Amino acid sequence: MSFLVPVLIMAIALSGCGILGKEFDETEGWSASEIYNKAAREMDSANYKRAIELYRKLETRYPFGRYAMQGQLDIAYAYYKSDEPEQAIAAADRFIKLYPQNPFVDYAYYMKGIVNYNRSVGFIDRFIPTDASQRDPGSALDAFQDFNELVRRFPDSKYAADARQRMLYLRSNLAKNEVHVARYYMKRGAYVAAANRAQYVIERFQRTSAVEDALEILIQAYDALGEERLAADARRVLDLNRQAGRFIDDEPAPDEISLGRKIWDYLSLDEN
């Protein structure tokens with residue numbers, strides 16, 4: 001009998017190790033609605049990392065149905081709020097691919113634009129005295145294209161007006177970036193490159209405040225190159241537009257947006 005006691009203790013200990021070795025999952029056996037509602041509550045509490053874990057479980061266990069469909073958009077929002085832009089865009093793209101005819105697919109396009117827009121804030125708002133040619137406008141261009149796609153596909157979307165305003169702002173600042181690059185070339189004596197950049201702004205970014213600066217750079221570049229006739233032509237265009245008051249001011253920065261998660265109220269998923 002005394003021999004059996006240590007054996008039983010050892011058996012219980014080994015059994016316990018097996019139990020402890022298995023990671024506990026509170027959602028084991030949960031239905032799709034239970035997982036979704038738990039994820040939604042985590043989102044409402046700003047516990048985005050935990051929400052993402054739950055939405056992943058939902059997608060793995062229940063890949064079809066209305067909960068999976070809503071979860072695709074919700075996880076994109078969760079990634080956005082947890083500062084994971086690449087994952088947010090990938091999730092929005094998956095939703096667009098899986099549900100192209102969904103009545104709320106415009107939200108996925110809009111979210112892509114907002115994610116890229118926020119990634120471009122540093123590029124847009126921090127024109128500091130550094131080498132302008134080293135700044136990457138890629139995110140601003142991506143955001144512009146995302147918003148453009150939204151407006152093209154869904155001109156009557158409730159997100160279209162905001163998207164158009166952001167496109168104007170992005171376009172203005174993309175033009176400014178081209179001007180900064182042109183100035184960079186001027187400082188280094190690359191006058192042909194500076195003139196080409198300035199000409200590009202004048203041709204491609206009309207109705208932006210950058211056009212006036214581009215014309216000034218174009219005149220300076222032509223003067224430096226000894227192109228007196230071209231410089232005179234550019235100066236005449238600059239003077240005529242100034243006299244006519246055709247140059248415009250900078251586009252105002254768009255208001256901050258409150259990108260929400262609850263856009264599918266008609267499904268009433270949180271009530272199930």
Side-chain angles (χ1 to χ4, degrees), residues 27 30-120 138-167 170 254 257-272:
T27 68
W30 285 14
S31 67
S33 63
E34 289 173 322
I35 298 175
Y36 176 83
N37 288 332
K38 176 63 173 176
R41 288 194 295 271
E42 296 291 352
M43 287 273 278
D44 291 339
S45 300
N47 298 323
Y48 302 116
K49 296 293 185 183
R50 178 56 178 158
I52 289 169
E53 293 176 6
L54 290 164
Y55 285 126
R56 283 175 173 169
K57 291 180 187 294
L58 176 64
E59 185 177 3
T60 299
R61 297 180 194 173
Y62 304 99
F64 307 107
R66 58 179 185 166
Y67 291 102
M69 185 166 56
Q70 172 70 74
Q72 282 283 342
L73 275 188
D74 284 359
I75 198 171
Y77 178 79
Y79 280 128
Y80 164 70
K81 295 297 287 185
S82 62
D83 197 26
E84 298 182 66
E86 294 293 346
Q87 295 285 5
I89 291 171
D93 278 331
R94 281 198 304 274
F95 184 88
I96 292 168
K97 182 178 180 180
L98 289 171
Y99 310 106
Q101 304 303 318
N102 187 277
F104 295 95
V105 72
D106 59 336
Y107 175 87
Y109 283 101
Y110 182 66
M111 174 172 284
K112 287 179 61 180
I114 289 297
V115 172
N116 278 318
Y117 178 86
N118 286 338
R119 294 170 76 183
S120 74
S139 294
L141 287 167
D142 290 342
F144 186 91
Q145 292 167 0
D146 292 333
F147 290 135
N148 186 56
E149 187 73 359
L150 166 65
V151 170
R152 185 181 69 82
R153 289 176 177 270
F154 309 99
D156 298 323
S157 167
K158 66 179 181 180
Y159 307 109
D162 184 77
R164 291 187 183 98
Q165 183 184 8
R166 292 180 191 280
M167 287 173 67
L170 287 165
I257 57 104
S258 178
L259 189 60
R261 175 185 67 86
K262 295 181 179 179
I263 60 167
W264 291 17
D265 292 338
Y266 82 99
L267 287 178
S268 301
L269 292 181
D270 291 346
E271 299 174 6
N272 296 323

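Given the structure is predicted, the values throughout are model-derived calculations rather than measurements.
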Asks: Flag the pair R152 and E149 as a salt bridge only when some basic side-chain nitrogen lies within less than 4.0 angstrom of an acidic carboxylate oxygen.
Replies: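 Yes, R152 and E149 are salt-bridged.
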Asks: Decide yes or no on side-chain contact (heavy atoms from CB on, under 4.5 Å) for K57 and W30, but give the supporting numbers first.
Replies: CA-CA 10 Å; K57 291 180 187 294; W30 285 14; over 6 Å; no
Asks: List the steps and the verdict of side-chain contact (heavy atoms from CB on, under 4.5 Å) for Y99 and V105.
Replies: CA-CA 7 Å; Y99 310 106; V105 72; 5.8 Å; no
Asks: How close do P155 and R164 get, heavy atom to heavy atom, and via which atoms?
Replies: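 The answer is O-NH2, 3.2 Å.
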Asks: Indicate the atoms forming the closest heavy-atom contact of Q72 with A91, along with that distance.
Replies: OE1-O, 3.9 Å
Asks: Inspect the contact between E34 and K38 and indicate whether a charged nitrogen and a carboxylate oxygen are less than 4.0 angstrom apart.
Replies: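 So K38 does not pair with E34 through a salt bridge.
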Asks: Under a 3.5 Å distance rule, please check whether S45 uses its side chain to pair with a backbone N or O of E42 as donor and acceptor.
Replies: no
Asks: Heavy atoms only: give me the nearest L150-S157 pair and the separation to one decimal.
Replies: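 Closest pair (atom of L150, atom of S157, distance): CD1-OG, 4.2 Å.
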Asks: Can D142 and R119 be said to form a side-chain contact (heavy atoms from CB on, under 4.5 Å), step by step?
Replies: CA-CA 10 Å; D142 290 342; R119 294 170 76 183; 5.7 Å; no
Asks: Are the side chains of I52 and E84 in contact, using a 4.5 Å heavy-atom criterion?
Replies: yes
Asks: Roughly how far apart are L170 CG and Q145 CD, rounded to 0.5 Å?
Replies: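 Going from the CG atom of L170 to the CD atom of Q145 covers 11.0 Å.
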Asks: Considering non-hydrogen atoms only, spot the tightest contact between V115 and A88 and give its length.
Replies: CG2-CB, 4.1 Å
Asks: Which atoms form the tightest heavy-atom contact between F154 and A160, and what is the distance?
Replies: O-CB, 3.9 Å
Asks: Could you check, using the six-membered ring where one of them is a Trp, whether Y67 and Y62 have ring centers closer than 6.0 angstrom?
Replies: no
Asks: Quick one: are T27 and R61 in side-chain contact, heavy atoms under 4.5 Å?
Replies: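 Yes; the side chains approach each other to less than 4.5 Å.
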Asks: As an exercise, state the distance from NZ of K158 to OH of Y107, rounded to the nearest 0.5 Å.
Replies: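 Rounded to the nearest 0.5 Å, the NZ-OH separation comes to 9.5 Å.
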Asks: CG/D74 to OH/Y79 distance, rounded to the nearest 0.5 angstrom?
Replies: 12.5 Å
Asks: Donor-acceptor check, side chain of N37 to backbone of S33, threshold 3.5 angstrom: yes or no?
Replies: yes
Asks: Any side-chain heavy atom of I96 within less than 4.5 Å of one from Y109?
Replies: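 Counting from C-beta outward, I96 and Y109 do come under 4.5 Å.
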Asks: Report the relative orientation of the aromatic rings in Y159 and Y110; use parallel for angles under 30°, tilted for 30 to 60°, perpendicular for over 60°.
Replies: parallel
Asks: Locate the shortest heavy-atom distance separating A108 from A92; write the atom from each residue and the value.
Replies: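 That closest heavy-atom pairing would be O-CB, 3.8 Å.
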Asks: Does one side chain, of Y117 or D146, offer a donor that lies under 3.5 Å from an acceptor on the other?
Replies: no
Asks: Give, for atom CD1 of I114 and atom CD1 of I89, the distance between the pair rounded to the nearest 0.5 Å.
Replies: 11.5 Å
Asks: Please determine if E53 and R50 form a salt bridge, counting it only when a charged side-chain N lies under 4.0 Å from a carboxylate O.
Replies: yes
Asks: So how far is it from L98 CG to M69 CE, rounded to the nearest 0.5 Å?
Replies: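 If I round to the nearest 0.5 Å, the distance is 11.0 Å.
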Asks: Answer yes when D162 and R166 have at least one side-chain N-carboxylate O distance shorter than 4.0 Å, and no when they do not.
Replies: yes
